[in-house]
Each structure stands twice: as C-alpha cells, then as structure tokens.
Amino acid sequence: DSGVTQTPKHLITATGQRVTLRCSPRSGDLSVYWYQQSLDQGLQFLIQYYNGEERAKGNILERFSAQQFPDLHSELNLSSLELGDSALYFCASSVEMGTVGGYTFGSGTRLTVV
Amino acid sequence: DQQVKQNSPSLSVQEGRISILNCDYTNSMFDYFLWYKKYPAEGPTFLISISSIKDKNEDGRFTVFLNKSAKHLSLHIVPSQPGDSAVYFCAASANSAGGTSYGKLTFGQGTILTVHP
C-alpha cells in the first residue's frame, strides 16, 4: 500500500457519460498529480494541484476537469466520454510542488468506455 | 512530440547478469531524471533519480548514469533478480524552469524487463 488511495479501481461506462475519479493523497502530501496511461502509451501528465490550487497543466482535454478539496483529496471529472478515453488513470502525491525524490503513485483507476 | 524515449520495448536477461535499460531525451531544459518500476495492477514505484549536476547515482543494485551531452541516461541493475521483472519507466522534469513546467514529469513509453531464473 503506497498510501495514495484511488477509487474506484475499475469503471465501465458508456460513451457520452460522465464519471468522477477520486484520489486521497498520502498523509502529509500537499501536491496531487493526475496521469493518464492509454494502451501502449507512457504516462501522460494531465494536471497538478498544490494545497487546493491548480499549479500545472498538461494536455488535458476540455471535457476533463479536476479539483483539490480543503481536505486535500482530489477528483478528476471526465465528461462526454469517448471510446478513446479508455485508459488507466493514476493519481500521485508529493509533499512539495516539485519532483525531487519522485512522487508516490496510487494503483490507478481502469476506465473502460463502451 | 516524444520528449523522453525508451526505444527498447522489452529486455530479457538471465538471473545474476546485468540489466541495462536505456532512455533518451530531447528537451535540454530537463534537469532531473527518475526511474520508476511498475508491476501489473499496481501504480509506478519510484526507484532512483539523478540530478543534471551529476553523472552517476548508485543505490544498492541500481545505478543510473547520465550523459548530458548525448541526452542519454541508463539504468543498470546488477545482479538482476527474477523479482526485478517489471515495466521500467524513465521520466524527466524541468524543476528549475518554474512556471507551468514545475512539478510535471514527462515519461517514456516503458521497457518490459524479464529476468529468467
């Protein structure tokens, strides 16, 4: 157990639907990151939050949004889902904003859009 | 634009021998490099890192080498063990760049390492 909790572990939904992925960071970590791993792809950075504020943005689609709440948990909202959104979505956390020492990743949410 | 590339999708080695995983990058702003290991059904686990001010960092059986002029890094595992069988991701960040780059890791595609007993 890495200390980063992601729910649900698996999600199957239909095209056009909306889903919410949840992440609880490791205790004491202020920064949360979201990554997407599609089939045969490396991990693609989506977005970072630090202590409730958005800090960095990657190639995140406009149909996707995220937020970090006062208790530091984060949610990634995916709407108008398409087949191509099927992927593993990872959340990671770290104490500070930067990457020195690396992040701690959760075990991911596998999203299947049918 | 693939800024971090792992050109070998897979590598197979015998237990006890050396495993060498390679990674190339194109962005000269990258100043911090990391290796992650990933088992099936788990998230990536941080393995070892190196700052651009160094050319080598060692941690037990794992050593990372950085060649800045060639924009190339490698991970050496000696001796390799069957438990090392996993997907290995190379990642890079531009920590000193600040702004929107700070905190973002750019990952390679991964290399599947199989260590045979």
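All of these numbers come straight from a predicted model, not from anything done at the bench. Here is how names work: the chains are called A, B, and so on, in the same order as the sequence lines, proteins then strands, and each is numbered from 1.
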Engineer: Taking the six-membered ring for Trp, are F107(B) and F45(A) closer than 6.0 Å centroid to centroid?
Structural biologist: no

Engineer: Would you say I20(B) and V64(B) are hydrophobically clustered, going by side-chain heavy atoms of ILVMFWY under 4.5 Å?
Structural biologist: no

Engineer: Going only through I, L, V, M, F, W and Y residues with side-chain contacts under 4.5 Å, is there a path from L11(A) to L46(A)?
Structural biologist: yes

Engineer: Does any part of the side chain of Y103(A), heavy atoms only, come nearer than 4.5 Å to the side chain of L105(B), both counted from C-beta?
Structural biologist: yes

Engineer: How long is the gap from CZ on F89(B) to CG on L43(A), to the nearest 0.5 Å?
Structural biologist: 5.0 Å

Engineer: Look up atom NZ in K38(B) and atom CZ in F105(A), then write down how far apart they are to the nearest 0.5 Å.
Structural biologist: 10.5 Å

Engineer: Assess whether atom CD1 of I12(A) is packed by more than 12 heavy atoms of other residues, nucleotides or ligands within 6.0 Å.
Structural biologist: no

Engineer: Does any heavy atom of chain A fall under 4.5 Å from the side chain of A41(B), the backbone, both, or neither of them?
Structural biologist: backbone

Engineer: So, Q109(B) side chain and G42(A) main chain: donor-acceptor pair closer than 3.5 Å or not?
Structural biologist: yes

Engineer: Identify whether L21(B) and F30(B) are in the same connected component of the hydrophobic contact network (ILVMFWY, side-chain heavy atoms under 4.5 Å).
Structural biologist: yes

Engineer: Atom CG of residue position D71(A) - does it have more than 12 heavy atoms of other residues, nucleotides or ligands inside 6.0 Å?
Structural biologist: yes

Engineer: Could you tell me which portion of Q37(A) (side chain, backbone, both or neither) has an atom closer than 4.5 angstrom to a non-hydrogen atom of chain B?
Structural biologist: side chain

Engineer: Is there a path from L88(A) to V113(A) through hydrophobic residues (I, L, V, M, F, W, Y) whose side chains come within less than 4.5 Å of each other?
Structural biologist: no

